[in-house]
2 protein chains.
Amino acid sequence: MPKVGMQPLRRKALIDATILAIGERGSLDVTMSEIAGRAGVSSALAHHYFGAKDDLLEATMRYLLTELNADARLALRAAQTPLQRVSAVVAVNFSEKQFRSETIAAWLAFYVEAQKSQALRRLLRVYARRLHSNLMSGLAPLLPPAQAERAAETIAALIDGLYIRRALRDGLPDAATAAALVEAYLANLPLGTKGRA
Amino acid sequence: MPKVGMQPLRRKALIDATILAIGERGSLDVTMSEIAGRAGVSSALAHHYFGAKDDLLEATMRYLLTELNADARLALRAAQTPLQRVSAVVAVNFSEKQFRSETIAAWLAFYVEAQKSQALRRLLRVYARRLHSNLMSGLAPLLPPAQAERAAETIAALIDGLYIRRALRDGLPDAATAAALVEAYLANLPLGTKGRA
DNA sequence: GTTTTTGTTGATTGATCAGTCAATAAAAAA
DNA sequence: TTTTTTATTGACTGATCAATCAACAAAAAC
């Protein structure tokens, strides 16, 4: 079995297994053995490739962040108008790929863990800033600065809130409904009032 | 020292210590010894009064829920108009008492734990239903049914989202700003359009 | 004044895990 | 062909904790 060039494959498999395991357990209380087992390797190998458990968790978080960012970039490129930019950002966050329950459970777990881990906190801050600036790129042309800021904060909070509710499998199950809520919020905004309303 | 009638005092002290400990650690990974120590007793005593650790956590969650509900009832009693009812519910959730970082960290931690624990999940569902019905009691007279529902979901998600953001100590620090965001959302709703807009 | 109830703890047990290490084996390099 | 590098694991260690228990003490009941 032992071939060469396994490192990237194993790392990817372990990260996938981590997301899966966290998603199923619903928390970061997942053992290295369980993750490793799910990836079809021994726990020793997981340590071999990632060092400490925290490193694996951080790598997993970074992976989720990277994927989300890549999707967002792609969606933004297709947007033609400011409003479409906002919708694109919203749509990405509620896409089937991102709004899966494992992924969401992982996000939630990382939010909690971030209170303990400086590294995770930094990563989440990067995410928050990116989301904010993506939203502002669409909102700034449409609203006076203060209102645009507020709208961006509101949408960001809405996204987080809808993620949590999804994680609890409580009402609000599907991505489409969640996205529609945010779109309804957008529809009520006094858009196009940049030069004083 | 050993007097009689300690049970309720100890239980209260242990629950307070639990909230404090969770708030500081930022997660439910708190040892019984730490909680007990904080309450000035031995870990054995904590087990004596609560049985298993899960029971203590459940009691703590139940306590938070009870407090929030009591505050909400009080605030709703003072409200005169439907809109005031909605504002009252929002205000309670962002009151200084409820929007403290320990309390919020505890809520977040319980959200995560609820994925594992049936008991906690049930408690959270009770909370969600109460919040929803409190909001609807104000929104239903002001909006067509479908829109009222949507507004209630949105506000609930906003509250959750703002709680999370507060927990991360990321931007949005104070209760007043958070409450203002939700109020701004309310201001943009087409209220008073119950009989078709 | 004896007995029971209530309050309390230190010491211990047993389980769970993260992380280490020595050993094995295939592939690549020398 | 020997040597090194890469891949891999089973077995072990050490730490951490929840939970238990026997024991002690003060108050209450009898």
Side-chain angles (χ1 to χ4, degrees), chain A residues 1-22 24-61 106 109-110 112-113 116-120, chain B residues 1-22 24-61 106 109-110 112-113 116-120:
Chain A
M1 255 188 238
K3 283 175 271 186
V4 85
M6 284 290 103
Q7 174 141 348
L9 301 182
R10 293 303 192 199
R11 285 182 69 100
K12 178 64 161 65
L14 283 164
I15 286 175
D16 286 346
T18 303
I19 296 173
L20 252 280
I22 292 176
E24 216 161 277
R25 272 273 191 294
S27 89
L28 294 189
D29 279 347
V30 190
T31 67
M32 286 298 267
S33 302
E34 207 215 309
I35 295 171
R38 225 177 253 266
V41 298
S42 72
S43 70
L45 195 67
H47 276 104
H48 175 63
Y49 282 128
F50 282 98
K53 185 183 178 183
D54 284 349
D55 298 327
L56 171 54
L57 295 180
E58 191 187 326
T60 303
M61 169 99 220
F110 282 123
V112 170
E113 190 68 9
K116 279 187 276 185
S117 157
Q118 173 115 36
L120 290 187
Chain B
M1 256 189 238
K3 282 176 271 184
V4 86
M6 285 289 103
Q7 175 142 350
L9 300 183
R10 295 301 192 202
R11 284 181 71 100
K12 177 66 161 65
L14 283 165
I15 286 175
D16 286 346
T18 303
I19 296 172
L20 252 282
I22 292 175
E24 218 161 274
R25 271 273 191 294
S27 89
L28 294 189
D29 279 348
V30 190
T31 67
M32 286 299 266
S33 302
E34 209 216 306
I35 294 172
R38 224 177 254 264
V41 297
S42 72
S43 70
L45 196 69
H47 276 104
H48 175 64
Y49 282 127
F50 282 98
K53 184 183 179 183
D54 284 348
D55 298 327
L56 171 54
L57 295 180
E58 190 187 327
T60 303
M61 169 101 221
F110 281 123
V112 170
E113 190 68 8
K116 280 186 277 186
S117 157
Q118 173 117 37
L120 290 187

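Per chain, numbering begins at 1; letters A, B, ... match sequence-line order. Source: prediction; values computed, not measured.
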Hey, mind stepping through A:K116 and B:D29 against salt bridge (Lys or Arg N to Asp or Glu O under 4.0 Å) and telling me if it holds? CA-CA 10 Å; A:K116 279 187 276 185; B:D29 279 348; 3.2 Å; yes

Closest to side chain of A:A44, choosing from D:dT9, C:dG7, C:dA28: D:dT9

Length of the CE-C1' vector between B:M32 and C:dT9, whole Å: 15 Å

Using whole Å, what does the distance between atom P of nucleotide C:dC17 and atom CG of A:D54 come to? 16 Å

Once you round it to whole Å, what is the distance between P of D:dT5 and NE2 of A:H48? 13 Å

B:Q7 CD to C:dT8 C1': how many Å, rounded? 13 Å

Counting side-chain heavy atoms from CB outward, which of C:dG10, C:dG7, D:dT9 is closest to B:S42? C:dG10

Using whole Å, report how far CG of B:L57 lies from C1' of D:dA19. 15 Å

Taking any heavy-atom pair under 4.0 Å as a contact, classify B:T31: base, sugar-phosphate, or nothing. sugar-phosphate

When rounded to whole Å, the CG to P distance for the pair B:L9 and C:dT6 reads 16 Å

Find the distance A:K53:NZ to C:dT16:C1' and express it as a whole number of Å. 11 Å

With rounding to the nearest 0.5 angstrom, report the CE to CZ distance, A:M32 to A:F50. 8.5 Å

Given D:dT6, is OP1 or OP2 found less than 4.0 Å from the side-chain N or O atoms of A:R10? no

Side chain of A:H47 only, heavy atoms from C-beta on: which candidate in C:dT20, D:dA18, D:dG10 is closest? C:dT20

Rounded to whole angstroms, how far apart are CG on B:D55 and C1' on D:dA18? 12 Å

Can you see if the side chain of B:Y49 gets near the phosphate of C:dG7 - specifically, an N or O under 4.0 Å from OP1 or OP2? yes

Any idea which of C:dC17, C:dA27, D:dT9 is nearest the A:L45 side chain? D:dT9

Would you say the side chain of A:V41 lies within less than 4.5 Å of the side chain of A:Y49, judging by non-hydrogen atoms? no

Scanning both residues in full, the closest heavy-atom pair of B:V30 with B:K53 reads O-NZ, 2.8 Å

Minimum-distance pair of heavy atoms, taken over all atoms of A:L28 and A:I22: CD2-CD1, 3.2 Å

